[in-house]
Amino acid sequence: MANPQLRFYGFSKSRTHPRSSGVITDKYLLPESKISQKCKISQKWKTLPWQFSVGGHLSPWPTYTSGQTILQNRKPCSDDYGKRASWQQHPLGIAKPKYLEQLENYLRKELLLLDLGTDSTQELRLQPYREIFEFFIEDFKTYKPLLSSIKNAYEAMLVHQREKIQALEPLKAKLVSMNEECNQRILAMQAEERDEISVLKREKMNLLKLIDKKNEEKISLQSEVSKLRKSLAEEYLHYLSERDARKILIGDLNELRYQREDVSLSQSPGVWGEDPVKLTLALKMTRQDLTRTQMELNTMKANFGDVIPRRDFEMQEKINKDLQEQLDSLRADYEEVCKEHELLLQLHMSTLKERDQFFSELQEIQRTSTPRPDWVKCEDVVAGGPERWRMLAEGKNSDQLVDVLLEEIGEGLLREKDFFPGLGYGENIPSFLRFDGLVENKKPSKKDVINLLKDAWKERLTEEEKETFPDFFFNFLERRFGLSDAIAWAYTIFENIKLFRSNEVMSQFYAVLMGKMTESTYINQKDRIAHLLKEMTNADTQNEGLLTMEQFSTILKNTFPLKKEEQIQELMETGGWQPNSSNSDLLNYHLLFTENEEGQSEPFVQKLWEQYKDEKEQYLQELKQELGRNPHDEVTLSKLHGALMTIDPSLDKQTVIAYLSQAFELPVSELPEEDNEKQEGTVIQLQTVLERLRLADIKRMGPREPEPAS
């Protein structure tokens with residue numbers, strides 16, 4: 001069955017919906033009855049006459065209502081101005097044009113049909129208005145291009161807005177998920193804080209209970225002290241009453257004795273036979289003695305009546321002392337508990353502040369920080385697979401891993417280059433790189449470059465006439481590869497050693513070649529390592545390559561007497577010593593000095609090199625403090641000489657001269673003598689002195705003398 005076509009004033013856009021027996025007009029579904037009705041209205045409208053005004057225009061209703069006139073935007077000088085004026089003076093009527101009524105009825109019915117549907121959307125409700133506007137476009141041929149462009153502009157804007165809304169839907173869902181995640185984190189942190197607060201509250205309650213207990217003990221002790229004082233007062237009153245009773249008893253006893261003596265004298269027959277005068281005198285003397293004794297007794301009673309026995313006094317004094325000690329102890333405990341309580345309160349407040357600060361820092365970090373890189377992803381990218389990457393990444397931090405990745409990337413780019421551009425003949429260009437034009441990339445392997453550098457060092461050490469290191473390097477390449485390939489190999493090796501900074505051999509050769517380190521620094525470090533190996537070999541009397549940990553520690557202390565105990569401990573731990581191991585454990589010392597195929601030393605040798613650089617930096621800092629803290633301070637030869645001898649009194653004259661020559665960049669023969677006035681004339685800045693000495697092999701020769709006590 002052919003799809004019925006809907007012609008309604010030029011509108012012809014209909015198609016059959018696959019799941020219904022109706023026709024979809026543009027955006028929404030219409031039933032068959034509605035389609036037939038619309039077709040009838042369309043046919044009817046085709047036969048309806050246009051509603052024209054008197055002047056030949058469409059009726060401008062509702063312009064002419066209640067006798068009002070709306071002026072048209074016409075110039076008075078136009079041809080139809082008179083016609084329009086006469087038309088405006090004779091209004092026809094106030095009824096709506098039929099064309100307008102038919103359009104409104106159609107719009108009303110279409111909107112009614114949409115309202116009856118249950119899933120009608122705002123987009124679907126725009127369709128009737130689109131149809132009305134297309135009716136106008138089809139009927140008004142003259143304005144059809146303008147109206148079509150207007151309709152297309154609005155449709156394009158609607159499509160743009162719809163696409164923008166659809167693009168924002170995933171962001172809305174993501175925003176909701178992020179909001180939920182943040183809420184969960186906040187709830188988790190609040191739960192943790194509640195736990196911490198509950199723990200602190202419990203601790204506070206325990207402390208308060210302890211304080212209450214101490215207060216109760218204090219009150220009980222005070223009550224005991226008051227009871228003891230009361231009992232002491234009662235005992236005192238008791239002793240007073242006893243004293244008075246004793247006095248009365250003594251008086252009674254004396255009276256009875258006198259009476260008995262008088263009776264005995266009266267009854268004794270021999271008494272009357274003695275001389276009365278003598279007896280009177282004896283009685284008088286006896287009474288005087290009695291009076292004197294009574295006076296002494298009264299004096300003693302007056303002086304010592306309130307005195308208690310020494311035994312009771314000492315016992316009471318001991319009890320009082322014990323109670324006082326207990327009271328002092330309880331008072332000290334109470335004060336200590338109060339201080340601890342205050343400290344806990346302060347700690348609690350500081351903890352709260354730190355918690356708030358950490359929470360704000362956490363929010364700031366979560367807002368600004370980037371996620372840490374997943375270094376495991378590099379296993380499938382780096383040549384050699386996971387095993388090589390694990391070997392490269394072992395013991396390295398993120399910064400060092402970035403350097404490793406840069407070296408891997410740079411190695412690939414370096415192998416892709418066939419030629420290097422020449423740097424020219426400028427004065428700032430090293431002598432071994434002065435060339436114009438393209439230079440061939442020899443593309444050696446990393447192992448070949450390292451072997452070539454080791455051969456260069458061997459030849460340099462055996463060279464009799466010393467020339468500058470860059471010139472020696474170029475002459476060495478000429479002797480090895482010939483004059484034609486020397487410059488190519490110079491560029492190739494220079495690019496390789498500049499790239500692989502993590503390689504020990506390449507980085508040290510690059511530093512010496514570019515003047516960032518003197519040759520003596522490298523040579524003396526190698527000599528120190530060789531001397532240490534020799535000492536270990538001499539201690540190995542059985543030639544088994546094994547040493548005990550005690551021998552290992554003794555050799556390190558004898559070889560490096562100026563190293564601190566912590567540094568010796570680090571070297572032993574790097575060599576394989578563990579804190580729980582015994583001194584009798586054996587160590588294969590040859591393994592400490594081996595190198596892999598890329599020239600990398602073992603961690604023990606690397607630790608020696610790190611300690612050497614740290615000791616040099618510490619030595620230079622002491623020198624800086626002695627010369628002045630301002631980097632722009634001026635330094636003379638005599639001032640530097642004095643500072644060196646102050647921080648390192650064990651320096652010999654030859655070493656001091658070498659340091660002065662390096663710092664002022666003067667030959668030894670041109671250095672002025674110690675008492676020469678020229679020493680004061682040669683002046684350079686402190687920063688320059690430190691930078692030049694940092695390039696040389698400068699180290700402490702002996703302990704610094706302790707400063708005299710003030």
Side-chain angles (χ1 to χ4, degrees), residues 192-257 289-357 706-710:
E192 293 178 359
E193 292 174 0
R194 283 196 296 270
D195 295 338
E196 293 178 0
I197 291 172
S198 62
V199 172
L200 292 175
K201 285 183 177 179
R202 287 195 296 270
E203 292 180 358
K204 179 182 177 183
M205 294 303 295
N206 293 332
L207 292 175
L208 290 175
K209 291 179 180 178
L210 181 60
I211 292 172
D212 294 338
K213 184 178 179 181
K214 295 297 181 181
N215 289 332
E216 292 176 357
E217 293 179 357
K218 178 183 176 182
I219 293 171
S220 63
L221 291 174
Q222 289 178 351
S223 63
E224 290 180 2
V225 170
S226 62
K227 289 179 180 179
L228 289 174
R229 287 179 178 176
K230 186 177 179 180
S231 61
L232 182 62
E234 293 176 353
E235 290 291 331
Y236 178 73
L237 293 175
H238 176 69
Y239 285 131
L240 284 178
S241 61
E242 289 290 334
R243 181 197 66 179
D244 296 337
R246 185 179 180 185
K247 288 181 180 179
I248 295 171
L249 181 61
I250 291 173
D252 294 340
L253 290 174
N254 290 331
E255 186 66 23
L256 291 173
R257 187 182 62 181
D289 293 337
L290 177 62
T291 303
R292 187 174 60 253
T293 305
Q294 188 70 32
M295 290 177 62
E296 290 178 359
L297 180 62
N298 293 334
T299 303
M300 294 290 291
K301 288 180 179 180
N303 292 333
F304 301 99
D306 298 334
V307 176
I308 62 174
R310 186 176 185 83
R311 182 181 60 185
D312 297 339
F313 174 76
E314 290 178 353
M315 183 175 63
Q316 294 296 331
E317 186 179 18
K318 182 179 179 182
I319 294 173
N320 187 24
K321 185 177 180 181
D322 293 339
L323 292 175
Q324 188 65 32
E325 289 178 354
Q326 292 180 6
L327 181 61
D328 294 339
S329 176
L330 291 175
R331 186 180 291 111
D333 294 340
Y334 176 73
E335 292 177 356
E336 184 177 358
V337 169
C338 291
K339 291 180 181 179
E340 290 179 357
H341 179 65
E342 293 178 357
L343 291 176
L344 287 175
L345 290 178
Q346 295 177 1
L347 180 62
H348 178 65
M349 296 302 296
S350 62
T351 304
L352 291 178
K353 292 180 181 179
E354 290 179 359
R355 182 201 66 184
D356 297 337
Q357 182 180 359
E707 297 181 359
S710 57

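Numbers here are sequence positions counted from 1. Since we're looking at a predicted model, the values are computed, not measured. What's counted below: heavy atoms across the whole structure, side chains too, no hydrogens, waters or symmetry copies.
Atom NZ in Lys339 sits 6.5 Å away from atom CD in Glu335 (nearest 0.5 Å). Here Glu235 contributes atom CD and Ser231 contributes atom OG; the two are 7.0 Å apart, rounded to the nearest 0.5 Å. Lys209 contributes atom NZ, which lies 11.0 Å from atom CG of Leu207 (distance to the nearest 0.5 angstrom). Summarising the geometry, atom CG belonging to Leu237 is positioned 10.0 Å from atom CG belonging to Leu232; distances are rounded to the nearest 0.5 Å. Once rounded to the nearest 0.5 Å, the distance linking CD of Glu224 with CD of Gln326 reads 8.0 Å. The distance from the NE2 atom of His348 to the NZ atom of Lys201 is 8.5 Å, given to the nearest 0.5 Å.
For the side chain to side chain contact (heavy atoms under 4.5 Å, CB included) with Lys321, the lone residue among Glu325, Lys318, Glu317 that qualifies is Glu325.
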- Task: Could you walk me through whether Ile197 and Arg355 pass the side-chain contact (heavy atoms from CB on, under 4.5 Å) test, one step at a time?
- Result: CA-CA 11 Å; Ile197 291 172; Arg355 182 201 66 184; 4.0 Å; yes
- Task: Take Met205 and Leu208 through the test side-chain contact (heavy atoms from CB on, under 4.5 Å) and record every step on the way to the result.
- Result: CA-CA 5 Å; Met205 294 303 295; Leu208 290 175; 4.3 Å; yes
- Message: Test side-chain contact (heavy atoms from CB on, under 4.5 Å) on Ser241 and His238; report intermediate values, then the result.
- Response: CA-CA 5 Å; Ser241 61; His238 176 69; 4.3 Å; yes
- Message: Would Asp356 and Lys353 count as a salt bridge (charged side-chain N to carboxylate O under 4.0 Å, His left out) here? Give the steps.
- Response: CA-CA 5 Å; Asp356 297 337; Lys353 292 180 181 179; over 6 Å; no
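More than 12 heavy atoms of other residues, nucleotides or ligands lie within 6.0 Å of NZ in Lys301, so this atom counts as buried by the packing criterion. The local environment of NZ in Lys204 is sparse, with at most 12 non-hydrogen atoms from other residues, nucleotides or ligands closer than 6.0 Å. No more than 12 heavy atoms of other residues, nucleotides or ligands shown are found within 6.0 angstrom of CZ on Arg229.
No side-chain heavy atom of Glu216 sits less than 4.5 Å from a side-chain heavy atom of Ile219. Side-chain contact check for Leu210 versus Asn206: every heavy-atom pair is 4.5 Å or farther apart. No side-chain heavy atom of Glu217 sits under 4.5 Å from any side-chain heavy atom of Asp333. For the pair Asn254/Gln294, a side-chain contact is recorded, criterion being any heavy-atom separation below 4.5 Å from C-beta on.
Applying the salt bridge (charged side-chain N to carboxylate O under 4.0 Å, His left out) criterion to Arg310, with sequence neighbours excluded, gives Glu314.
When atom types are taken as modelled, the side chain of Ser350 and the backbone of Leu347 share a donor-acceptor pair closer than 3.5 angstrom.
Salt bridge Asp328/Arg331: present, at least one basic N to carboxylate O contact under 4.0 Å.
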